[in-house]
Amino acid sequence: MAEAEAWAGQRVAMVRDDPAGRLALMERCYYGPFGQAPQHLPFRRAARSFMRWQLGRGVLQPAFHARPGSPWWREVNERILRDGCEAVGLSGGLGGPPSSHSAAQWLAFALNPTAEAWYRAHNGSVVAAYLEHRSLAEAESEPERFFMNVILCRVLYTHALVAAPRMSLGWMRALAPLLGDPRLGMTGIFLQLSRVLPDEYPLRDDVRYYLAQEHGFARLVDFGMIVPRMQRLYEWSARELEAPGLLDCVRDGALTYAWPFEDRHVWDPPRSLVLPVIHRIVPPR
């Protein structure tokens with residue numbers, strides 16, 4: 001095992017059963033190997049928001065906790081931490097090549113901190129973890145599996161706002177990079193997961209209940225902007241992230257990560273007077 005990879009593994013192992021320690025390690029990565037990385041720090045905003053939400057739900061709690069967390073969420077979070085730590089080690093002079101494509105993307109971000117580079121790194125780790133731990137996902141409850149798909153399509157869409165503005169926002173594409181920039185608060189419009197998923201774990205009701213409770217704005221984002229572009233979004237993301245396995249997570253515009261295609265009706269848009277207006281204003285093609 002290369003020096004940087006081993007160092008990253010050690011750092012992650014130290015906080016594996018310490019959710020607050022995981023957050024601290026993530027934040028430390030944005031200071032770089034020498035504690036001074038002013039160009040990287042603004043990107044910490046989106047990462048910290050996502051991770052604090054995970055802590056609030058309790059999904060990162062260890063198995064021995066009175067209310068154990070989610071094995072799947074713990075693995076997804078750990079992949080992001082490990083890839084980020086490895087990039088810090090590599091950029092600080094520790095030996096070895098990147099151990100994975102996603103770790104290489106984090107190193108590319110470390111060397112050139114742009115919004116597109118951050119999304120390739122962050123979403124590359126997320127997608128790699130999704131694909132690697134599909135069996136853990138399938139052991140989760142039905143509503144949890146449903147929201148796994150919602151979360152994934154949202155983080156892919158915010159990436160597309162920055163890197164593929166025409167596809168993601170049509171004739172309003174000039175606004176897309178501003179809306180998707182992870183350094184800015186506007187990104188919260190799309191990544192504010194409390195609008196999508198309740199702050200509890202495990203989820204105790206069925207999918208129909210949570211769909212009925214969904215915030216109106218979140219519904220407009222999902223069904224008005226993302227669902228009409230779903231198939232193209234995943235095809236674009238698979239190419240952009242060099243993750244062909246991502247194409248197994250969508251079929252004919254329906255999301256299928258740990259979710260049966262036969263139950264695709266959950267992705268059908270609800271009856272709404274507003275959604276057709278959005279589709280006319282910002283057509284998906």
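Below, each value reflects all heavy atoms present in this structure, side chains not excepted, and no hydrogens, waters or symmetry copies. Throughout, residue positions are numbered sequentially from 1 according to the sequence presented.
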Asks: Whether the side chain of Ser49 engages the backbone of Ala46 through a donor-acceptor N/O pair (distance < 3.5 Å, no angle test) should be reported.
Replies: no

Asks: Do Leu94 and Tyr30 belong to the same hydrophobic cluster, where Ile, Leu, Val, Met, Phe, Trp and Tyr are linked whenever their side-chain heavy atoms lie under 4.5 Å apart, directly or via other members?
Replies: no

Asks: What's the spacing between Phe50 CZ and Leu23 CG if we round to 0.5 Å?
Replies: 13.0 Å

Asks: If hydrophobic clusters are built from ILVMFWY residues whose side chains come within less than 4.5 Å, do Val127 and Trp73 share one?
Replies: yes

Asks: Quick one: salt bridge (charged side-chain N to carboxylate O under 4.0 Å, His left out) partners of Arg22, sequence neighbours excluded?
Replies: Glu78

Asks: Shortest non-hydrogen contact from Phe223 to Asp268?
Replies: CE2-O, 3.4 Å

Asks: If hydrophobic clusters are built from ILVMFWY residues whose side chains come within less than 4.5 Å, do Met230 and Val207 share one?
Replies: yes

Asks: Determine whether more than 12 heavy atoms belonging to other residues, nucleotides or ligands lie under 6.0 Å from atom CZ of Arg48.
Replies: yes

Asks: Hey, is CD on Glu27 packed in by over 12 heavy atoms from elsewhere, all under 6.0 Å?
Replies: yes

Asks: If you take the centroid of each ring, where Trp contributes its six-membered ring, are Trp72 and Tyr130 closer together than 6.0 Å?
Replies: yes

Asks: Applying the 4.5 Å side-chain criterion to the ILVMFWY set and letting contacts propagate, would Tyr157 and Leu247 be lumped into a single cluster?
Replies: no

Asks: Is any side-chain heavy atom of His133 less than 4.5 Å from a side-chain heavy atom of Val76?
Replies: no

Asks: Nearest heavy-atom pair of Ala115 and Val162: which atoms, and what distance?
Replies: CB-CG1, 3.9 Å

Asks: Contact between Trp53 and Ile151 at the side-chain level, heavy atoms closer than 4.5 Å - yes or no?
Replies: yes

Asks: Relative to the ring of Trp118, is the ring of His122 parallel (under 30°), tilted (30 to 60°) or perpendicular (over 60°)?
Replies: parallel

Asks: Under 3.5 Å, is there a donor-acceptor pair linking the side chains of Gln54 and Tyr201?
Replies: no

Asks: Apply side chain to side chain contact (heavy atoms under 4.5 Å, CB included) to Glu86 and Trp106, showing your working.
Replies: CA-CA 8 Å; Glu86 186 175 341; Trp106 277 108; over 6 Å; no

Asks: Take Asp181 and Leu184 through the test side chain to side chain contact (heavy atoms under 4.5 Å, CB included) and record every step on the way to the result.
Replies: CA-CA 6 Å; Asp181 194 319; Leu184 305 177; 3.9 Å; yes

Asks: Step by step, work out the side chain to side chain contact (heavy atoms under 4.5 Å, CB included) result for His40 and Phe109.
Replies: CA-CA 9 Å; His40 301 74; Phe109 166 73; 3.8 Å; yes

Asks: Is there a chain of hydrophobic side chains (I, L, V, M, F, W, Y, each step under 4.5 Å between heavy atoms) that links Val88 to Phe34?
Replies: no

Asks: Would you say the side chain of Pro98 lies within less than 4.5 Å of the side chain of Leu90, judging by non-hydrogen atoms?
Replies: yes

Asks: Sequence neighbours excluded, which residues qualify as salt bridge (charged side-chain N to carboxylate O under 4.0 Å, His left out) partners of Asp205?
Replies: none

Asks: State, yes or no, whether a side-chain contact exists between Met51 and Leu55 at a heavy-atom distance under 4.5 Å.
Replies: yes

Asks: If every non-hydrogen atom of Arg44 is compared with every non-hydrogen atom of Tyr31, which pair is closest and at what distance?
Replies: NH1-OH, 3.2 Å

Asks: Decide if atom CZ of Arg28 counts as having more than 12 heavy atoms of other residues, nucleotides or ligands within a radius under 6.0 Å.
Replies: yes

Asks: List the atom pairs, with distances to 0.1 Å, where a side-chain N or O of residues 2-13 and a protein N or O form a donor-acceptor pair under 3.5 Å, not counting sequence neighbours.
Replies:
| from | atom 1 | to | atom 2 | distance (Å) |
| --- | --- | --- | --- | --- |
| Glu3 | OE1 | Gly95 | N | 3.0 |

Asks: Measuring from Leu255:CG to Cys153:SG, what's the distance to the nearest 0.5 Å?
Replies: 5.5 Å

Asks: Can you see which heavy atom on Gly224 is nearest to which on Pro228, and at what distance?
Replies: O-CG, 3.7 Å

Asks: Using 0.5 Å steps for rounding, measure from the CG atom of Asp83 to the OG atom of Ser99.
Replies: 6.5 Å

Asks: Could you tell me which non-hydrogen atom of Ala160 sits nearest to which non-hydrogen atom of Ser168, and how far apart they are?
Replies: O-OG, 3.4 Å

Asks: Could you tell me the separation between the CG atom of Asp248 and the CG atom of Leu131, rounded to the nearest 0.5 Å?
Replies: 8.0 Å

Asks: Check this for me: does any side-chain nitrogen of one of Arg79 and Glu132 sit under 4.0 Å from a carboxylate oxygen of the other?
Replies: yes

Asks: Run Arg154 and Asp222 through salt bridge (charged side-chain N to carboxylate O under 4.0 Å, His left out) and show every step you take.
Replies: CA-CA 8 Å; Arg154 279 186 165 230; Asp222 291 335; 2.9 Å; yes

Asks: Find the distance between OG (Ser70) and CD (Glu140) and round it off to the nearest 0.5 Å.
Replies: 3.5 Å

Asks: Do the ring planes of Phe146 and Trp267 sit parallel (below 30°), tilted (30 to 60°) or perpendicular (above 60°)?
Replies: parallel

Asks: Looking at CD of Gln105 and OG of Ser100, how far apart are the two atoms once the value is rounded to the nearest 0.5 Å?
Replies: 9.5 Å

Asks: Report yes or no: does Gln61 contribute a side-chain atom to a donor-acceptor pair with the main-chain N or O of Gly69 at less than 3.5 Å?
Replies: no

Asks: Indicate yes or no: at least one non-hydrogen side-chain atom of Pro143 is less than 4.5 angstrom from one of Asp206.
Replies: no

Asks: Check the pair Leu246 / Tyr257 against side chain to side chain contact (heavy atoms under 4.5 Å, CB included), numbers first and verdict last.
Replies: CA-CA 9 Å; Leu246 190 56; Tyr257 179 75; over 6 Å; no

Asks: Considering only heavy atoms from C-beta outward, does the side chain of Asn77 approach that of Arg74 to under 4.5 Å?
Replies: no

Asks: Is Glu144 paired with Arg57 through a side-chain N to carboxylate O contact shorter than 4.0 Å?
Replies: yes

Asks: Short question: side chain of Asp18, backbone of Met14 - any donor-acceptor pair under 3.5 Å?
Replies: no

Asks: Which heavy atom of His65 sits nearest to which heavy atom of Arg67, and what is that distance?
Replies: ND1-N, 2.9 Å

Asks: Given side chains that start at C-beta, do those of Pro202 and Ser141 come closer than 4.5 Å, heavy atoms only?
Replies: no

Asks: Looking at Val250, is its backbone amide N or carbonyl O close enough to the side chain of Thr256 to form a donor-acceptor pair, meaning the two atoms are under 3.5 Å apart?
Replies: yes

Asks: Going by heavy atoms in the side chains, are Pro62 and Pro68 under 4.5 Å from each other?
Replies: no

Asks: State whether the side chain of Arg183 and the backbone N or O of Phe43 hold a donor-acceptor pair below 3.5 Å, judged by distance alone.
Replies: no

